[in-house]
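Report on the following structure.
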Amino acid sequence: MSTEAPIDPTVPPSGTGCVECTESGGWWLHLRRCARCGHVGCCDSSPSQHASKHATATGHAFVRSFEPGEDWFWSYEAEQFYDGPELAPPEHHPLDQPVPGPSGRVPADWQRQLH
Ligand SMILES: [Zn+2]
Ligand SMILES: [Zn+2]
């Protein structure tokens, strides 16, 4: 594995939810998976935007959608969609995990808190 490679298809996702939101008790709309290190973060519409913050902090530019049925990659650097390789499973969050999620932490007025 090269440390220069922007995408490492062998790394599994960090978990089923946003790493930082899980620690802080936050919630998210959609999830994005870092294609380099597997970090799962929340999307730019979510209140905390942890996926793009992770990209900025680490230089890991590519994420892949972690939503069921979506296989696109996005580069925060180029601000562009890409096709990419299959990544280590699981390829999306559990099907019984609600959107927005996670269960029990989404406020009633969540739509007004989106970016
Ligand atoms: Zn988050
Ligand atoms: Zn990363």
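In listed order, ligands and their atoms are each counted from 1.
When each of Phe62, Trp74, Tyr76 is paired with Phe81, the ring pair (Phe, Tyr, Trp, His ring centres under 6.0 Å) condition holds for Trp74 and for no other. Of the options His92, Arg33, Glu70, a side chain to side chain donor-acceptor pair (under 3.5 Å) to Ser65 is made by Glu70 and by none of the others.
Using modelled atom types, no side-chain atom of Lys53 and backbone atom of Gly41 make a donor-acceptor pair closer than 3.5 Å.
Within the 4.5 Å cutoff, the side chain of Trp28 has no heavy atoms near those of the His50 side chain. Annotation: side chain of Phe73 is in contact with side chain of Pro85 (closest heavy-atom distance under 4.5 Å). In this structure, the side chains of Thr22 and Thr16 stay at 4.5 Å or more apart for every pair of heavy atoms.
In this structure, Asp109 places its CG atom where more than 12 heavy-atom neighbours from other residues, nucleotides or ligands lie under 6.0 Å away.
Taking distances strictly below 2.8 Å, the protein N/O/S atoms close to the Zn ion (ligand 1) are Cys18 SG, Cys21 SG, Cys42 SG, His50 ND1. Sorted by chain and number, the protein atoms of type N, O or S within less than 2.8 Å of the Zn ion (ligand 2) are Cys34 SG, Cys37 SG, His54 NE2, His60 ND1.
Leu87 and Tyr82 fall within a single hydrophobic cluster, where Ile, Leu, Val, Met, Phe, Trp and Tyr side chains are chained together by heavy-atom contacts under 4.5 Å.
The two residues Val40 and Glu20 have their closest heavy-atom pair at O-OE1, 4.5 Å.
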